[in-house]
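What follows is a set of notes on a single structure, which appears directly below.
If you read the sequence from its start, that first residue is 1, and numbering goes on from there. Computation of the quantities below employed the complete heavy-atom set of this structure, encompassing side-chain atoms and omitting hydrogens, waters and symmetry-equivalent molecules.
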Amino acid sequence: MRVYLMVFCLISYSVDGQIEYSISEETERGVSVGNIAKDLGIDAATLSSRKFRMITSSSKQYFNIDVSTGALSVNEPIDREQVCELKTTCFLNYELVLENPLELYKMEFKVLDINDNSPNFPLNEYRLNVAEFLSPGARFTLPNAQDLDEGTNSVQIYTLSPNEHFRLEMQVRGDGSKYPELVLEKALDREQQAIHKLVIIAKDGGTPERSGDAEVIVTVLDTNDNAPAFEHSVYRASILENSLSGTLVTKVHATDLDEGQNGEIRYSFSNSTSADLQRMFLIDPQTGEIKVNGILDVRRPLLEMFIEARDKGAFGMSSTAKLLVEITDVNNNAPEITITSLSSPIPEDALSGTVIALLSVMDKDPGENGKVTCEIPANIPFHLKSSFDNYYSLVTDGSLDRERVSEYNITVTAMDLGSPPLATRRTLWVQISDVNDNPPKFASSACDISVTENNLPGASLYQVSASDPDVGQNGRISYTLRDMSFEGGALSSFFAVNSENGNIYAKSTFDFEQLRSFHFQVEAKDHGSPALSTALTVNVLITDQNDNIPVILYPAARNGSVAVEIVPRLADADYLVTKVVADDADSGHNAWLSYHLLQPSNSGLFRILANTGELRTARSMRSTDSIKHKVVILVKDHGEPSLSSTIALGILLADSLPQALPDFDDGLEARGQLTTLNLYLIISLACISFVFLGFILFLVLMRLLHCRTTHHRSCCCSGCCPEDEKYEKYRYNVRMLPSSHFPSEVVEVSGVGKLTHTYLYRASLGIGPSNNNLLLNGDARNIPSGAGLQVPATCIQIQKVKSDHFNAILLVSSFRFSSSMCPTGAQTPSFVIFIVDGNSIDLMPV
């Protein structure tokens, strides 16, 4: 029947992060031991969130902790003898780890022994040979019983089954250990009883009491009466744990006073020596040398063996000695590094002293060989902090910057103090997680872009780009326009920016003349939390296009009329007629103006300075020059393509301001810009006109030559000129103007009519009171006084005009008088008159 003991639990102390419990072995599963949260003063509700865990080097989990309540209970019964083997005291060590913040506690269980093991002899049967002649008092060593329990639960007493010849006594060795001896109390008589069967019983002091027994068979012999005697009852030796097989441990020696075979001694391991030690060592039966057999694989620093010396007598007698072998540790175990906890990745803004990892370092060697030091490289922002016992904390030692170093391979080196020292290296991979600690960055704080005016809406103008060394959302950049306004409206009505790539687009068309430059800001913002941003100032310069024609400010024409300038009748050369003033809203070359005469009335009479716009006379005015002139001035810029404006200017040659200005509208009309095509057309028309006029002159000359050869005295042949009455409808009144500025050779002809075609007209110019069509100028000195001037045969060629009014100036170049042509006796000149656009007339004698 199995007896269950009541669990005795005692909280001994909880000081400096340590707590100790006492528990009896073989305690049943589920039995409560204590409450960790209560005993450590920790809120039980936080155990789960703080990732509470219990760490032990044992392969079995003997205890269980409920993380919701902190209750500590037995998970598996403990067998003290299996866990602690031959240790007098048995402890189980655990480490308790809590995170956020990281806390480490040491928990120790003292396993209390219960009497669950009975004493046990190595053999069930022992045989003794006892010479019959031995007198009472002879002693025979008996084997010790083994009890795995400790203290009072171990072997306390030995008893012997009732017998009249033997009794049992306890003896003490030099080291204080006790062993039983069988003492002969009454002389033996082999003839009466040759074999005696005894039972030796070993009892412990536990409750209930346990016992074990072995049978001792005593054979009565009739010989040898002296047992071998060792020089020492206890032998001590020391040996290195890495000693090779065959290494001598020690040599024992015993003597026997008997002679012959009774005095020859044979050495062997006593039955009290455990079987594993008998396999680990060899003893020479003749010499008593004890040597290593194989590999020393023990964890105990001290080995206990019993050596028996037995003689070869017929009734061999024996004695035993204890051999204590101390195993001298050799540094043959490298430290072991165990990563108990590792936090990776860690944020780059972690404070100095943040715990990254918890390490456990252990060396199986004892003494100095088991003492370990740990270190990590010195050039990293981490250091090892010793906690307690064999634990180390890896903590930060400085600021971290993921953009500079994104991860660390930290090599932890554990080295013992043995000679030579052994080291173990373990690499920890610690990643640094990104924190939004870097704002986006532009290459410069400002940039300049140039936009040509009249741009197309939607055109890409510029692309801004910012960089952010952060990763993920912290490094993802969006671009926006900062809300601002300036002259002309809100920024959003002029520009738009692509939030992904930073392309800046124009939303409207710019006008250089209204807005020449401005600036705005583009903001680059990441997607971190909190978001960081940087602004870039964009300076926009609107470049000019030649989109404005020059504007002529002076002289100004009002209501479509021609501006008039008055110049002295006989002005000198380089006389300033006027200065054309123009302006161009463009800038640069587009506003650089030049002035040109596009349509002068007389190309040799006036000139204009291209740079200043000053209109000056090209030569001195003459009395023969026309009194009024009309010029067209072209003002053009130097843009590409060039733009221009024209103005028509009337010039009146007069010494004083007239009461009424003459009409310049019947003159040349302002023409458009002179292009290459127009120039070619003008040249072509001029060539055709010259050819035609030459052909007409040729025909006229041929006709005149024909008329003269036929001796006709009339001015024109019958076929050239029709009857006078046929020309009646083409006659015009001619009067002499009393203008003092006309020379005597000039006659002004005024008339009313519409000449729509080119015709040949007969004209007569007579002087006399009977001619009502002509009024003589009293200053006509080249014509005889009172004479009548008739030109009945003159052919006048008049080009078509565009108005019903025309003026003609008759230039009298020569006179021919013939009595046959003029029956009245008057002298009659003949002319050919050319009128071109009403501006000039020329007469040629026929």
Side-chain angles (χ1 to χ4, degrees), residues 548-586 591-639 642-675 678 682 739 741 748 801-807 809 836-840:
N548 292 281
I549 63 174
V551 177
I552 299 175
L553 305 177
Y554 182 84
R558 298 181 179 177
N559 299 324
S561 62
V562 177
V564 179
E565 294 289 340
I566 299 176
V567 178
R569 183 70 183 81
L570 300 177
D572 294 331
D574 203 35
Y575 178 82
L576 178 63
V577 177
T578 187
K579 182 175 182 179
V580 180
V581 180
D583 182 51
D584 195 321
D586 296 321
W592 183 12
L593 304 179
S594 61
Y595 303 85
H596 308 275
L597 283 177
L598 180 63
Q599 183 182 331
S601 62
N602 190 333
S603 60
L605 192 57
F606 298 99
R607 65 183 179 88
I608 190 168
L609 299 181
N611 295 330
T612 63
E614 294 180 352
L615 181 66
R616 295 180 179 271
T617 57
R619 59 176 175 81
S620 300
M621 298 290 104
R622 301 171 185 171
S623 60
T624 58
D625 293 333
S626 175
I627 64 172
K628 61 178 181 179
H629 301 271
K630 185 177 181 181
V631 295
V632 178
I633 298 174
L634 173 71
V635 182
K636 69 175 182 178
D637 56 30
H638 286 70
S642 176
L643 301 178
S644 63
S645 297
T646 58
I647 185 171
L649 178 64
I651 302 174
L652 180 64
L653 302 180
D655 291 328
S656 62
L657 182 65
Q659 294 181 355
L661 295 176
D663 188 6
F664 288 91
D665 291 338
D666 60 345
L668 295 172
E669 295 182 355
R671 291 188 175 93
Q673 181 179 355
L674 182 61
T675 64
N678 293 337
I682 292 172
S739 177
H741 59 273
E748 181 176 358
V801 296
K802 296 181 179 179
S803 65
D804 293 339
H805 294 78
F806 66 92
N807 295 324
I809 306 298
V836 182
D837 293 338
N839 287 330
S840 64

Which heavy-atom pair separates P550 from L643 by the least distance, and what is that distance? CD-O, 3.6 Å
Using side-chain heavy atoms (C-beta onward) and a distance below 4.5 Å, is V632 in contact with L649? no
State which residues pass ring-ring contact (aromatic ring centres under 6.0 Å, His included) with H596; sequence neighbours excluded, sorted by chain then number. none
Looking at L653 and S626, what are the two nearest heavy atoms and their distance? CD1-O, 2.8 Å
How many angstroms lie between atom CD1 of I647 and atom OG of S645, to the nearest 0.5 angstrom? 9.5 Å
Taking the side chain as everything from C-beta on, heavy atoms only, tell me whether E614 gets closer than 4.5 Å to I608. no
By salt bridge (charged side-chain N to carboxylate O under 4.0 Å, His left out), E565 pairs with (sequence neighbours left out) none
Can you tell me how far apart CD1 (I651) and CG (L605) are? Round to the nearest 0.5 Å. 7.5 Å
Listing, residues 571-586 side-chain donor-acceptor contacts under 3.5 Å, not counting sequence neighbours, or none:
from: D574; atom 1: OD1; to: R607; atom 2: NH2; distance (Å): 2.4
from: D584; atom 1: OD1; to: D586; atom 2: N; distance (Å): 2.9
from: D586; atom 1: OD1; to: N548; atom 2: ND2; distance (Å): 2.8
from: D586; atom 1: OD2; to: D547; atom 2: N; distance (Å): 3.4
from: D586; atom 1: OD2; to: N548; atom 2: N; distance (Å): 3.1

Can a donor-acceptor pair be found, under 3.5 Å and without considering hydrogens, that links the side chain of D655 to the backbone of R569? yes
Whether the side chain of T646 engages the backbone of I633 through a donor-acceptor N/O pair (distance < 3.5 Å, no angle test) should be reported. no
In Å and rounded to the nearest 0.5 Å, what is the CG to CG distance from L615 to L609? 9.0 Å
Measure across L570 and R622 and return the closest heavy-atom pair with its distance rounded to 0.1 Å. CD2-C, 3.9 Å
Fit a plane to each ring of F606 and H629, take the angle between them on a 0 to 90° scale, and name the class: parallel (under 30°), tilted (30 to 60°) or perpendicular (over 60°). perpendicular
T612 OG1 to L593 CG distance, which is reported to the nearest 0.5 Å: 12.0 Å
Side-chain (S594) to main-chain (A610) donor-acceptor, under 3.5 angstrom: no
